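Comments concern the structure below.
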Protein chains: 2
Amino acid sequence: MSREIVLRAAVALADDAGIDSVSMRNLAQELGVVPMALYKHVTNKEELLDGMVDLIIGEFDPPTCGAGWKDAIRQRILSARQAMLRHRWAPEVIRSRTHATPVVLDYLNSLIATFRAGGFSADLIHQVMHALGSRTWGFTLEVFFTPPPAGPDLHTALFSQLAATHPDVGEIATAGFHDEDSTVGQGCDEEFEFAFGLDVLLDGFERLHQQA
Amino acid sequence: MSREIVLRAAVALADDAGIDSVSMRNLAQELGVVPMALYKHVTNKEELLDGMVDLIIGEFDPPTCGAGWKDAIRQRILSARQAMLRHRWAPEVIRSRTHATPVVLDYLNSLIATFRAGGFSADLIHQVMHALGSRTWGFTLEVFFTPPPAGPDLHTALFSQLAATHPDVGEIATAGFHDEDSTVGQGCDEEFEFAFGLDVLLDGFERLHQQA
DNA sequence: ACCTGAACACCGTTCAAGT
DNA sequence: ACCTGAACACCGTTCAAGT
């Protein structure tokens, strides 16, 4: 029993059974231990979640050397996105963090260093980091676009209802499908959407940097 | 006692005492009613939160006619941001929604209609809505950049510690301050940051639209 | 038929009692 | 000194009993 073991068990539990089942009581039971025993390795639940995020950041690709700032940032952020896909609970936990751990600061530092190596001014880096927002962590907030977990038939029913009441929303929701065989309402290519938004921002940053 | 009264009381309670104090039990007590009485007007807590979001969307400016798509979208989203500033709990609640209510769909519809009136293709509108992400709701996810609620002296202490361990993060965090008198670590002009990121995206959308 | 209190199945965390 | 079980102060929601 160490902090490391507790954190890894928490990540495994979240991967398997979802983040809702990561309670102090449940995690303790998973480890065959009394709930209060966890508080020896973690001062409270917030610190447990901080530690889980640290482990996930550890899965991000290290910064690539030699490439320009744009490719380096792009690749780094896309690798962060892969980590989010492996741990679907991670975006929700990351958003709920208020405290930056040393591991978080190291990651931010390495992104900043990449922009700096590309000749960006401190002021522009500041704006750029804000503009990227949660994209630095490999996800964006897709509010209300996330389809509810349901069977494909219920899904189709919900979509026809949507198409009837809000035809424009229905058309836009299905536009840009890259898989022609995809069922109606099955969802679009999230990888493509993510990269699209990222590239609009990175291209904008490049233009602003060249103007300065 | 009507659904309207329950929802307005919930919004008022969240404004005054924070979203954490909006529990079914607490809200019922605020209304001088037994907890189970709320379930007459709202089927569960999720629906209560849905209704609260609907009320906040009702505070967004109506679409402006006559202007181009870019100004119209920009003004609409900045007005959404003002609503978020009046109800600081709203971003957290909006992010947690999985279900789009009719009010939400109407709002999305009106944004889509604005892009369509500007001549955007359905495919481009699809990408553009994804790229905007939570910005359509007047906020972005500023993970780990939100300063913890603390007195200004504790704040300065935390910042000097940050500057010692991660000087680059410290410099970038304070770069681009627009108020020269602002205390170290007091935070930057959030209004400016938000508009900056929004404009990088809108400019990118304009360029892509003109190329097509 | 409607309303409502107690109860159920949970939380995170405190704290005193036991070893 | 260390560990731990019971207890505290909460949740959202169910459900049966009372009117």
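What you see is a predicted model; the values in this text were computed from it and never measured. Just so it is clear: chains get the letters A, B, ... in the order the sequence lines come, proteins before strands, and each one is counted from 1.
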- Message: When you compare the side chains of Thr101(B) and Asp50(B), does any donor N or O come within less than 3.5 Å of an acceptor on the partner?
- Response: no

- Message: Could you work out, with side chain to side chain contact (heavy atoms under 4.5 Å, CB included) as the rule, every residue matching Gln161(A), not counting sequence neighbours?
- Response: Leu158(A)

- List the atom of Arg135(B), the atom of His130(A), and the distance in Å for their closest heavy-atom pair. NH2-O, 4.2 Å

- C1'-based separation of dA9(C) from dA9(D) [nearest Å]: 16 Å

- Query: Taking the P atom of each, how far is dC8(C) from dG18(D), in whole Å?
  - Reply: 16 Å

- Message: Please identify the 5'-most and 3'-most nucleotides of DNA chain D with any atom under 4.0 angstrom from a heavy atom of chain A.
- Response: dC3(D) to dA7(D)

- Task: Please determine if Glu92(B) and Arg95(A) form a salt bridge, counting it only when a charged side-chain N lies under 4.0 Å from a carboxylate O.
- Result: no

- Query: Is any side-chain N of the basic residue among Arg76(B) and Asp61(B) closer than 4.0 Å to the acidic one's carboxylate O?
  - Reply: no

- Task: Would you mind checking if Arg74(A) and Asp199(A) are paired as a salt bridge, meaning a charged N to carboxylate O distance below 4.0 Å?
- Result: yes

- Message: Applying a 4.0 Å non-hydrogen cut-off, can you work out what Met36(B) is touching in the nucleic acid: base, sugar-phosphate, or nothing?
- Response: base

- Query: Closer to the 5' end of DNA chain D via nearest nucleotide, is it Lys40(A) or Arg25(A)?
  - Reply: Lys40(A)

- Query: For the residue pair His41(B) and Glu47(B), what are the closest heavy atoms and their distance?
  - Reply: O-OE2, 4.3 Å

- Any stems for DNA chain D, made of 3 or more Watson-Crick or G-U pairs in a row, each with both distances under 3.5 Å? C:4-8 with D:12-16, C:12-16 with D:4-8

- Item | Which atom of Pro35(B) lies closest to which atom of Ala28(B), heavy atoms considered | CA-CB, 3.5 Å

